[in-house]
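Take a look at the structure set out below.
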Amino acid sequence: MALYNAKRILVTGGAGFIGSHLCTRLLRDGYEVLCVDNFFTGARDNIKELLDNHSFELLRHDITFPLYVEVDGIYNLACPASPIHYQFDPIQTTKTSVLGAVNMLGLAKRLKLPILQASTSEVYGDPAIHPQEESYWGNVNPIGVRSCYDEGKRCAETLFFDYRRQHNMRVKVARIFNTYGPNMHPNDGRVVSNFIVQALQGKDITIYGDGSQTRSFCYVDDLVDGLRRLMDTRDDFTGPCNLGNPKEFTMLELAEMTLDIIGSKSKIVYQPLPSDDPKRRKPNIDLAKQELNWQPGIPLREGLTKTIEYFSRRLVSQKTP
Ligand code: NAD
Ligand code: UDP
């Protein structure tokens, strides 16, 4: 139950995949939540169970424009996260990361609030060291098709640290690695949702490249717990802090596990690798363990099973008139 006079927290991108879980968690923890979203990739469906909660408020707004509200803390998650979505309008993607950060930092500065930025493992680009630790500066193509996202997020990090240096603000930067779970967009082209939807529909499973590239997948509940803990760290802890699951899988292993859980007879087919596709990705989470006392607890098979249940329900309800 929400507390009377509870602190009011702004979640930008709150109707998106991770944002919707974060809003739910904050309400459960007794906060009031102001969810701000322009519904570019988010959906009312993701937050439909929250709309009747008197501690939850929804505001349609694009964070590339200034926002004047009264809150007690900000989680800045607004930004399309899947390559298909962030490459759809790359200029808007950079604007969302950069102008959005300026606007949200301005709000935090005026109200003297703590603010957390959802940054990304993409700041490491196609990494030359493995696993990636926070001290690594990255290997990013500044002019490629992923640059609107990677460089936008890098510039947002710069802004967060300059606001800290110039205005002594309480900033927190999370570098989020691949996260999956219910409320992922079924058509966002990300590997987990693609494989599950393809397998459930009996379509071919599309592996890009030879399937030997790796990713480390974190279940959304673990990730949200990490974000909550990061926000609650002492004022002088800023990160950047990696949040992700260090268990690494090849895309072929992910495809085989998905087929096995669903019991699907879909065939695996191989398609060309998109440009600038990182070959390996795995977080070093020593800092999160030490400062947040956090590490993921949900193994891939368990998280995939929950995610498959979500997509099965969603596909059935779409078929039902
Ligand atoms: P998502 O696309 O599901 O959610 C993003 C939300 O932001 C959507 O609801 C969208 O409508 C909203 N949005 C986009 N542009 C906006 C704007 N200009 N103004 C207001 N709202 C806007 O993506 P997600 O996976 O939930 O990612 C959330 C955040 O976490 C993003 O910042 C993303 O970069 C970061 N992140 C996610 C992952 C992952 O694996 N999911 C990994 C690294 C970082
Ligand atoms: N991928 C794939 N088949 C798909 C979708 C993605 O093999 O249908 C690959 C993609 O090329 C990448 C990995 O899976 O190597 C993860 O892709 P995703 O878009 O989920 O995340 P990101 O590349 O941003 O980590």
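When a ligand or atom number is given, it counts from 1 through the structure's own listing order. One-based numbering along the sequence shown. Everything numeric here is computed off the predicted structure, so don't read it as measured data.
Between Glu309 and Arg314, no side-chain nitrogen of the basic residue sits less than 4.0 Å from a carboxylate oxygen of the acidic one, so the salt-bridge criterion is not met. Salt bridge annotation for Arg8-Glu57: present, with a cationic side-chain nitrogen under 4.0 angstrom from a carboxylate oxygen. Using a 4.0 Å cut-off between a side-chain N of Lys or Arg and a carboxylate O of Asp or Glu, Asp150 and Arg154 do not qualify as a salt bridge. Under a 4.0 Å N-O distance rule, the pair Asp162/Arg165 qualifies as a salt bridge. Between Asp277 and Arg215 there is a salt bridge, since at least one side-chain N of the basic residue sits less than 4.0 Å from a carboxylate O of the acidic one. Residues Arg60 and Asp37 are not paired through a salt bridge, judged by the lack of any N-O separation under 4.0 Å between the basic side chain and the carboxylate. Taking 4.0 Å as the cut-off between side-chain N and carboxylate O, Glu248 and Arg280 count as a salt-bridged pair. The pair Glu151-Arg146 does not count as a salt bridge, with every side-chain nitrogen at least 4.0 angstrom from each carboxylate oxygen. Salt bridge Asp221/Arg25: absent, no basic N to carboxylate O contact under 4.0 Å. Ionic pairing of Glu70 and Arg110 is present here: one or more N-O contacts between side-chain nitrogen and carboxylate oxygen are shorter than 4.0 angstrom.
Set against the non-hydrogen atoms of Asn194, the atoms of ligand 2 under 4.0 Å away are 4 (C), 5 (C), 8 (O). Contact atoms of ligand 1 toward Gly42: 8 (C), 9 (O), 10 (C), 11 (O) (distance under 4.0 Å to a heavy atom of the residue). For ligand 1, the atoms sitting less than 4.0 Å from at least one non-hydrogen atom of Ile18 are 26 (O), 30 (O), 37 (C), 41 (N), numbered in the order shown with element in parentheses. Using a 4.0 Å cut-off to heavy atoms of Lys153, the atoms of ligand 1 that qualify are 31 (C), 32 (O), 33 (C), 34 (O). Which parts of ligand 2 touch Asn178 is read off a 4.0 Å heavy-atom cut-off, strictly below it: atoms 21 (O), 22 (P), 25 (O). Set against the non-hydrogen atoms of Asn178, the atoms of ligand 1 under 4.0 Å away are 40 (O). Close approach of ligand 1 to Phe39 is summarised as follows: ligand atoms under 4.0 Å from at least one heavy atom of the residue are 11 (O). For ligand 1, the atoms lying closer than 4.0 Å to a non-hydrogen atom of Gly16 are 3 (O), 4 (O), 8 (C), 9 (O). Each of the atoms 19 (N), 20 (C) of ligand 1 lies under 4.0 Å from some heavy atom of His61. Residue-ligand proximity, Ile207 to ligand 2, at heavy-atom distances under 4.0 Å covers atoms 7 (O). Close approach to Gln92 involves these atoms of ligand 1, each under 4.0 Å from a residue heavy atom: 18 (N).
Of all the heavy atoms of Ala43, none lies under 4.0 Å from any atom of ligand 1, so neither backbone nor side chain is involved. In Ser121, neither the side chain nor the backbone holds a heavy atom less than 4.0 Å from any atom of ligand 2. With a 4.0 Å cut-off on non-hydrogen atoms, Pro83 touches ligand 2 through its side chain and not its backbone. When heavy-atom distances to ligand 2 are checked against a 4.0 Å cut-off, Val192 has no atom that comes that close, whether in backbone or side chain. Residue Arg190 touches ligand 1 through its side chain alone, judged by heavy-atom distances below 4.0 Å.
The number of heavy atoms from other shown groups lying within 6.0 Å of CD (Gln201) is above 12. Applying the 6.0 Å contact sphere to OH of Tyr270 captures more than 12 heavy atoms from other residues, nucleotides or ligands.
With hydrogens left out, the protein atom closest to atom 9 (C) of ligand 2 is Gln213 NE2, 3.8 Å, a heavy atom. In terms of protein heavy atoms, atom 13 (C) of ligand 2 is closest to Met251 SD, 3.7 Å. Nearest protein neighbour of atom 23 (O) of ligand 1, counting heavy atoms only, is Ala81 CB, 3.5 Å. For atom 18 (P) of ligand 2, the closest heavy atom belonging to the protein is Val191 N, 3.9 Å. Regarding atom 3 (N) of ligand 2, its nearest protein heavy-atom neighbour is Thr206 O, 2.6 Å. Scanning all protein heavy atoms for the shortest distance to atom 7 (O) of ligand 2 gives Tyr208 N, 2.8 Å.
When only interatomic distances are considered, the shortest N/O to N/O separation between Thr179 and ligand 1 falls below 3.5 Å. For ligand 2, the polar-atom distance check against Arg215 finds a nitrogen or oxygen pair separated by under 3.5 Å. Checking only distances, Arg190 never comes within under 3.5 Å of ligand 2, N or O to N or O. For a threshold of 3.5 Å applied to N or O pairs, the pair formed by Leu273 and ligand 2 contains no separation below that value. In terms of polar-atom proximity, Ala78 is not counted as a contact of ligand 1, lacking any N or O under 3.5 Å from an N or O of the ligand.
Residues Ser119 and Gln117 have side chains that never bring a donor and an acceptor to within less than 3.5 angstrom of each other. There is a side-chain donor-acceptor pair under 3.5 Å between Asp276 and Asn141. A donor atom on one side chain and an acceptor atom on the other are found under 3.5 Å apart for Asn76 and Thr12. For the residue pair Lys172/Thr238, the side-chain donor-acceptor check at 3.5 Å is not satisfied.
Which of Leu227, Thr12, Asp37 comes nearest to atom 9 (O) of ligand 1 through a heavy atom is settled by distance: it is Asp37. Taking all heavy atoms of Tyr86, Phe17, Tyr149 into account, the minimum distance to atom 36 (N) of ligand 1 is reached by Tyr149. Residue nearest to atom 15 (O) of ligand 2, selected from Asp277, Ile205, Leu254: Asp277 (by heavy-atom distance). Relative to atom 16 (C) of ligand 1, the option among Asn38, Asn183, Val36 with the closest non-hydrogen atom is Asn38. The residue among Arg146, Met184, Glu122, Arg281 with a heavy atom at the shortest distance from atom 23 (O) of ligand 2 is Arg146.
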Verdict with supporting geometry, Asp188 and Ser193, side-chain hydrogen bond (donor to acceptor under 3.5 Å, both in side chains): CA-CA 8 Å; Asp188 73 1; Ser193 43; 3.0 Å; yes
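Taking 4.0 Å as the cut-off, Ser121 does not count as a neighbour of ligand 1 on heavy-atom distance.
Judged by the 6.0 Å distance and 45° axis criteria, Lys247 is positioned over the aromatic ring of Phe249.
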